[in-house]
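Atoms within each ligand, like the ligands themselves, are counted from 1 in listed order.
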Amino acid sequence: MKKYFFLLLIYISALLPSSGQSLNVANLHDVALEEMAVARDIKLTGKLEAHAPWSKRGGTDWRQLRDCCCALRHLDLSQATAECVPANALHSRHHLQSIVLPQGIKEIGSQAFFSCDSIEEIIIPASVEKIGQSAFNLCRRLRKVVFEGAPKVEDFAFANCPLLQDIVVKDSRPKFSVLAFIGTRSIYEEDLMALDTLSSSPNIIPQPAVVRRANRLPLDWADLNGIKADKALSNEKRILEAILRESTEYSGHSLAGTKGVASLSIDPSLSDPEAYVLDADMAGLNIRGGSAAGVYWGIMTLRQLLLDSNGSSTRRYTLAAIHIEDQPRTHIREIMVDPARTFIPFDDLKALVPLLAQYKFNALHLHLSDDQAWRMEVKKYPLLTEVSSVRPAMDDMLTPSPGYYTQKQMKELVAWGEQHHVMIIPELEMPGHEVAAVHAYPQLTCGGKETPLRTICGVSNELLCPGSAFTLQFLKDVLKEYADVFPCPYVHLGGDEAGQPPLGSWTECPDCQALKTRLGISPVNNRADNWRLQKYLFDEVITYLRDDLGKTPMYWYEPDFKEIQPGSVTFAWRGGQTDAAIDSALKNKVKVMLCPGDHCYFDYPMAPGDMPEVNWGMPTLSLKKTYALDPAFGRDAQFEKETLFGVAGTLWSESINTPERITYQLFPRGLALAEAGWSPADRRNYDDFLRRLRPHLNDLQRRGISVSLAEEK
Ligand code: TNX
């Protein structure tokens, strides 16, 4: 109770303009977390290290300023000593209004102030020799920058700062990259026009099955006389039109009076509904798809053909003649996000959809509830969102994360997803990772215990109680409302990490014991008996889901779960246990989704020292390791055809504390996964992927989207 009261105080003081305290100390190591959380003015006078050894708490002063000082408005480092401001130092600290940098620093690292959109003015000390990529990208209120010296200013360093008018140069002119100010000012963009060089080899990700440069004259965009499309393709026609108008000289009417058109059509003879064929030459543009989705993927490929090697948006006059044939290797390519741990504002969630679609992901999986919070409106159980939708804190970050989605918003997301051929898969966790539900409705757990929301990561021992009749009713009611909102044929039921020790909580519960007797479970040992109870709960829910709601259940694979209900999809997530999960899927004749932690867990840092620098002990997951995922996992063609469901990347968000950091964790590894899930094995090559990647990273940064640059150094 006392803890909650304190957290409430922190929450209020973060919102009020006049409350909060100042801190004037050498370093933050000895400052209490509670003190850091309310400090609005901070002055540090000690030595600021750029790196710190791995830990569960603390990290460098920079990391604590960013993640633990959640009320920070003014930062004075004028008397601190530091060699540099490290990469990501104050990434997406939206409330930070002013900073005085330490004298003598040599470098400001990439994305050091990414999206610090309350800073209006910054003085770059004379000692600074280099300002890294995207260092001040998306600082939307930045008006003035004073360069006291002449640093090298890298790509996108001041991109997307629309108010930046005042650039004061004291010494000789800094060495600006031509991409440094994209989306910011026009005066430097003259240089950019000169860069409109047509790249000769296309940089498409995921790599298509067949790409051939055709020996014909190029398509001249100004020559096209409109877009012709099948009736069922009005959505795709609109999207193509928007892309052509933004990125090419297409105007809808040929000035030269030629008859070339862009044509979109459905060709059922194509091998897969998602397959497409794209042809472009002087006669026009032709995209045929196995369905509307195939046509849409063809348009996404075209969009990438229009990027130049700088990722810039200069308008195209021509497209070299080309022929592409393409189809996906796996059925479902999904990304899972975790708004339960850190809420993702609705607009940010929506923005992810077209971004995923660009790389031919066709599913967004929402982990809507967990131990820390419940994020989805359920009309029958209003307390879920009334009392469980503010995650009070997470480990050493005493920053509340409030928010939930209304059913209306989720319907809007579903419709938005349909436009982009991305289906929205909801998840309702059971019987573990569900403390937020228990917190709102204590009768869901054994003995009806009052249970606080979890404020740390890891696994709780508090489970839903299968012996309570209310539990089953609750799960069915919630699933019914989810089914009304999400038309997608799948519902994820969680099922992870509810083994030993958490399952032990069922042993002493009289309701669970009574249920065991009722079910005629003849005792073997507590562990085995409890697993049978878990199977009972799943069987009941799955039967309802399948027979009454017409949905296919999905769940996280656990080795103790010996029998998997026919017709479901199991997710192979535990690092090192993918083969066991595949064998179990084959034995039970169910489908398997590959998301092994050792290739697909994008919550892990991409390189040592990358964000999240302080965490529960995550391993690193490199771009190369993600790329190396074999979706068939060494199995035969029959497995690939009959059992493999797809690939999934997960963005668990215990340690991701702003929406910008979701894309940071997702890119570029998500692009590697997109290629693993889509491209034929013989078309994949890591070095070639790296070559194609650069324009995409530039395109993303140009649009103000944060990406990890950790491996690029
Ligand atoms: C394990 S993966 C979990 C999540 C955590 C994740 C952190 C899975 C099915 N369960 O609850 O967020 O590790 O990486």
Side-chain angles (χ1 to χ4, degrees), residues 54 56 334-344 365-375 391 394-395 397 401 425-438 453-464 491-503 534 538 553-561 564 568-578 580-581 584 592-606 610-621 625-626 647-657 661-662 665-666 669 673:
W54 178 83
K56 287 194 184 180
E334 81 152 45
I335 291 295
M336 188 220 75
V337 290
D338 175 15
R341 269 59 173 268
T342 301
F343 186 64
I344 308 170
H365 165 174
L366 306 179
H367 186 74
L368 289 167
S369 51
D370 211 296
D371 295 334
Q372 291 78 3
W374 183 284
R375 305 300 192 179
R391 185 214 69 195
M394 182 58 88
D395 296 328
M397 298 181 279
S401 170
I425 305 177
E427 177 174 348
L428 169 63
E429 269 271 17
M430 56 177 271
H433 282 287
E434 210 54 352
V435 165
V438 169
L453 290 173
R454 193 173 171 86
T455 55
I456 52 172
C457 64
V459 179
S460 165
N461 286 345
E462 218 53 64
L463 302 186
L464 300 180
V491 176
H492 203 293
L493 295 175
D496 57 309
E497 299 184 316
Q500 266 6 17
L503 222 47
Q534 183 161 171
F538 267 93
M554 298 174 140
Y555 38 96
W556 305 109
Y557 168 76
E558 286 293 0
D560 280 279
F561 227 96
I564 306 174
S568 43
V569 181
T570 180
F571 279 51
W573 64 279
R574 284 189 183 271
Q577 294 191 24
T578 309
S584 157
V592 64
M593 180 74 122
L594 288 205
C595 52
D598 22 27
H599 295 277
C600 301
Y601 269 38
F602 301 151
D603 52 332
Y604 299 170
M606 193 163 94
D610 196 11
M611 292 198 288
E613 307 90 338
V614 173
N615 57 61
W616 48 257
M618 299 170 179
T620 53
L621 171 55
K625 195 77 206 287
T626 297
V647 296
T650 60
L651 285 157
W652 302 104
S653 291
E654 291 96 329
S655 307
I656 299 178
N657 64 9
R661 284 174 59 176
I662 292 181
Q665 298 298 128
L666 175 59
R669 288 173 295 190
L673 182 67

Do E427 and W556 have a side chain donor and acceptor closer than 3.5 Å?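 Looking only at side-chain atoms, W556 and E427 do form a donor-acceptor pair, the distance falling under 3.5 Å.
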Distance alone, cut at 3.5 Å: any donor-acceptor contact between the side chains of T455 and Q372?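 Judged by distance alone, the side chains do not pair up.
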Does ligand 1 have any N/O atom under 3.5 Å from a protein N/O, and what are those pairs and their distances?
| from | atom 1 | to | atom 2 | distance (Å) |
| --- | --- | --- | --- | --- |
| ligand 1 | 10 (N) | D496 | OD2 | 2.7 |
| ligand 1 | 11 (O) | R341 | NH2 | 3.1 |
| ligand 1 | 12 (O) | R341 | NH1 | 3.0 |
| ligand 1 | 12 (O) | E654 | OE1 | 3.2 |
| ligand 1 | 12 (O) | E654 | OE2 | 2.6 |
| ligand 1 | 14 (O) | D603 | OD2 | 2.7 |

Set of residues satisfying ring pair (Phe, Tyr, Trp, His ring centres under 6.0 Å) with respect to Y557, sequence neighbours excluded: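 For Y557, no residue satisfies ring pair (Phe, Tyr, Trp, His ring centres under 6.0 Å) once neighbours in sequence are set aside.
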Sub-4.5 Å side-chain heavy-atom contact between V491 and I425: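 Not in contact.
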Over all atoms of both residues, closest heavy-atom pair of Q577 and P559: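 Of all heavy-atom pairs spanning Q577 and P559, the closest is OE1-CG, 3.4 Å.
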So, does D371 use its side chain to make a donor-acceptor pair with the main chain of L453 at under 3.5 Å?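 No: the side chain of D371 does not pair with the backbone of L453.
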